[in-house]
2 protein chains.
Amino acid sequence: MQDSLRRFKADIFQALAHPTRIAIIELLEGGELSAGELMERLGMEQANISQHLAVLRSKQLVVNRKAGNQVFYAVRDPIIIKVLALMRRYFQKHLKEALELLSEMDGSSVVQRQ
Amino acid sequence: MQDSLRRFKADIFQALAHPTRIAIIELLEGGELSAGELMERLGMEQANISQHLAVLRSKQLVVNRKAGNQVFYAVRDPIIIKVLALMRRYFQKHLKEALELLSEMDGSSVVQRQ
DNA sequence: ATACTATATTCGAATGTTTGAATATTCCAA
DNA sequence: TTGGAATATTCAAACATTCGAATATAGTAT
C-alpha cells in the first residue's frame with residue numbers, strides 16, 4: 001500500500017509536470033472556463049489543449065460540465081491550487097538559483113562553475 | 001517569462017513525479033540520511049537510488065554534504081515537505097476515488113462503470 | 001437531412017524517462 | 001600503494017510522453 005500510495009502521488013505530480021497543464025490550472029484558479037476559452041488564452045492548437053485536458057481529467061485534477069455545445073472545466077479541489085501557490089512561494093524564495101537553473105536548461109547559461 | 005516560470009514549476013513537479021523519488025523525500029523528512037541508508041531502507045539497486053538522487057540534486061530539491069566516505073542528503077527547503085503534506089491531505093480527502101484510480105492503473109479494476 | 005461549431009480521439013514520429021549492468025571515482029585503512 | 005567501501009556516471013534497451021495532422025463525435029441551427 002505504501003508504494004501504491006506513492007505511485008498515486010507520483011501520478012498527480014506527473015499530471016502537473018507540464019507547462020501547458022500548469023497554465024491551464026492557473027487559468028482555472030479564477031473559476032471555470034470552457035475548453036475554447038482556454039485554447040484562446042493559451043494560443044495553442046485545439047487538439048493539444050484537449051489532450052492536456054484529457055490528462056488532467058484522467059488524474060481527476062479537473063472536473064468538467066457540458067453546457068450545450070461547450071465543455072466547462074474547473075479545478076476539482078482547492079488543495080491543488082494551494083500546491084501551486086506553494087510552488088510560487090518556493091520560486092520566489094529561490095529566485096536567484098531558479099534563474100540559473102532556467103538558463104542552464106536553455107543552454108544559454110552565463111553561470112560560472114568550477 | 002510567464003512561460004519559463006511555468007517550465008520551472010513543471011520541472012520541479014517532474015522531479016517529484018516518481019514513486020522512488022517521493023519515497024526518498026519522505027524518508028528525508030525526518031532529517032538527513034546517507035545515500036547508503038536510503039538504499040537500504042528502500043531496498044533498491046545502488047545505481048538506481050543514485051540516479052534518482054541525481055535528478056533531485058539537479059533540480060535542487062535536495063542538498064548533499066560529503067562526510068568522509070559517505071554522502072548525506074537532506075531536503076533543501078521545507079516548502080517541498082509542505083507540498084507533500086498537502087498531497088497526503090488530498091489523498092485522504094479523495095481516498096475512495098484514489099483507490100479506484102489505483103485499481104484502474106493496476107488493471108485489476110473491480111470498479112463499476114456504465 | 002445538412003452544415004456548422006465545439007470538443008475529443010487516434011495515429012505515428014520525435015523526444016524524454018527509467019532501468020540494470022558495467023565501470024568510474026573518491027575516500028579511508030592497512 | 002593496494003584493497004575495500006560508498007557513491008556516481010555511462011550506456012543501451014524498454015517504455016512513456018508530447019506534438020500536429022487527420023478524423024471522429026456531439027450539439028445546435030437551418
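Note that this is a predicted model, so its numbers are computed, not measured. To find a chain, count down the sequence lines: A is the first, B the second, and so on, and within it residues start at 1.
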Applying a 4.0 Å non-hydrogen cut-off, can you work out what [X] is touching in the nucleic acid: base, sugar-phosphate, or nothing?
X: B/Asn48; value: sugar-phosphate
X: A/Ala47; value: base
X: B/Thr20; value: nothing
X: A/Phe72; value: nothing

Any carboxylate oxygen within less than 4.0 angstrom of a Lys/Arg side-chain nitrogen, looking at B/Arg7 and B/Asp3?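 B/Asp3 and B/Arg7: salt-bridged.
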For the pair B/Glu29 and B/Lys82, find out whether any cationic side-chain nitrogen is under 4.0 Å from an anionic carboxylate oxygen. no
On the nucleotide C/dA6, are OP1 or OP2 found under 4.0 Å from the side-chain N or O atoms that A/Tyr73 carries?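 False: A/Tyr73 side-chain N/O out of range (4.0 Å or more) of C/dA6 OP1/OP2.
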B/His52 side-chain N/O to C/dT19 phosphate OP1/OP2 under 4.0 Å: yes
Nearest heavy-atom neighbours spanning A/Ala35 and A/Ile49: O-CG2, 4.4 Å
Nearest heavy atoms of A/Phe72 and A/Ser34, plus distance in Å: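 Nearest heavy atoms, A/Phe72 then A/Ser34: CD2-N, 3.5 Å.
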Picking from C/dT19, D/dT7, D/dC19, which would you name as closest to the side chain of B/His18?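 The closest nucleotide is C/dT19.
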Closest to side chain of A/Leu53, choosing from C/dT18, C/dA8, D/dT7: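 Side chain of A/Leu53 sits closest to C/dA8.
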Spacing of [X] atom [atom1] relative to [N] atom [atom2], expressed in whole Å:
X: B/Glu37; N: D/dT7; atom1: CD; atom2: C1'; answer: 14 Å
X: A/Ile24; N: C/dT7; atom1: CD1; atom2: C1'; answer: 13 Å
X: A/Arg65; N: D/dG27; atom1: CZ; atom2: C1'; answer: 15 Å
X: A/Leu38; N: C/dA6; atom1: CG; atom2: P; answer: 14 Å
X: B/Leu42; N: C/dT19; atom1: CG; atom2: P; answer: 12 Å
X: B/Ile49; N: C/dT19; atom1: CD1; atom2: C1'; answer: 12 Å
X: B/Asp11; N: D/dT17; atom1: CG; atom2: P; answer: 16 Å
X: B/Glu40; N: D/dA5; atom1: CD; atom2: P; answer: 14 Å

NZ/A/Lys93: more than 12 non-hydrogen atoms of other groups inside 6.0 Å: yes
Specify the residue among B/Gln14 and A/Gly36 whose closest nucleotide of DNA chain C lies further upstream toward the 5′ end. A/Gly36
Let me know, please, whether A/Ala17 or B/Asn64 comes out on the 5' side of the other along DNA chain D by nearest nucleotide. B/Asn64
On DNA chain D, does the nearest nucleotide to A/Val55 precede the nearest nucleotide to B/Asn69 from the 5' side, or the other way round? Give the residue.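 The residue whose closest nucleotide sits nearer the 5' end is B/Asn69.
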Can you say whether a donor on the side chain of B/Gln46 sits under 3.5 Å from an acceptor on the base of D/dA8, or the other way round? yes
Can you find an N or O donor on one side and an acceptor on the other, under 3.5 Å apart, linking the side chain of A/Gln51 with the base of C/dT10?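 Pair found.
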Does the side chain of A/Arg65 pick up a donor-acceptor pair with the side chain of A/Tyr73 at under 3.5 Å?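 Judged by distance alone, the side chains do not pair up.
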